[in-house]
Amino acid sequence: MKIDFKGISAEELSFKLNRVRIEPNAKLDIKPQFSRQVRKANGNEKLNFVSLSVKIESTEAEPKPFDINVTLVGVYEVEVASKNEERDFVIEATKQLYPYLRSAVTNLTASAYISPLNLPVINGPIFPEDRDVYAFSVGETPLN
C-alpha cells in the first residue's frame with residue numbers, strides 16, 4: 001500500500017461560550033464526540049479525503065462551559081490492493097490527523113481566552129470499529 005499525504009485543511013472551527021455556572025471545585029465531564037468520514041474524488045479513485053471531527057455540545061442534562069465543533073480534512077493519494085489495505089489506510093490516516101485535531105482544539109480554546117482544552121493523547125485506534133483490525137495488524141488477538 002502506498003500513501004501520499006497531500007495536505008490538510010480546516011473545514012470548520014467553531015467555539016461558543018455558554019454562560020453556565022460551574023462550581024469552583026466541580027469536575028467537568030467534557031465527553032468529546034469524534035466522527036470520521038472518508039470520500040473519494042470523482043474521477044480519481046486514488047484521491048481520498050479523510051474528514052476527522054470532534055464535537056462538544058452543552059445540553060440541559062449535561063451543561064458545558066462551551067460548545068466546540070472542529071473538522072479537519074486530510075487529502076491523500078492512495079494505492080490500495082484490497083479492502084483490508086483500504087481499511088488500514090483509513091486507520092493510518094485517522095492516526096495521522098488526530099494530533100492536528102488535538103492541536104486545533106487546544107488553540108481554539110486558548111484563543112477564546114479560557115483555559116486551553118487538551119484532548120488526550122491516543123496511541124492506538126480512536127474508533128471502536130478500528131480496534132479489532134488494529135489488534136490483528138499488530139499480532140494480538142481481538143478482545144471479545
Test side chain to side chain contact (heavy atoms under 4.5 Å, CB included) applied to Arg102 and Val121, step by step: CA-CA 8 Å; Arg102 200 172 166 267; Val121 173; 3.5 Å; yes
Tyr100 atom OH: more than 12 heavy-atom contacts under 6.0 Å: no
For the pair Tyr76 and Phe89, name the ring-plane relationship: parallel under 30°, tilted 30 to 60°, perpendicular over 60°. perpendicular
Contact check, side chains of Ile56 and Phe15, non-hydrogen atoms, under 4.5 Å: no
Do you know the tightest heavy-atom contact between Thr109 and Pro116? OG1-CA, 3.3 Å
Can you run down the side chain to side chain donor-acceptor pair (under 3.5 Å) pairs that involve residues 42-51, sequence neighbours left out, and say none if there aren't any? Lys40-Asn48
Heavy-atom side-chain contact between Phe127 and Leu52 under 4.5 Å: yes
When you check the side-chain N and O atoms of Thr106 and Asn118, is any donor under 3.5 Å from an acceptor? yes
Heavy-atom nearest pair, Asp88 first then Met1, reads CB-CE, 3.8 Å
Answer yes or no: is there a side-chain heavy-atom contact under 4.5 Å between Arg36 and Val90? yes
Which of these passes side-chain contact (heavy atoms from CB on, under 4.5 Å) with Leu108: Ile114, Leu117, Asn69, Ile68? Ile68
Within the structure provided, determine whether Glu12 and Lys55 are in side-chain contact (heavy-atom separation under 4.5 Å). no
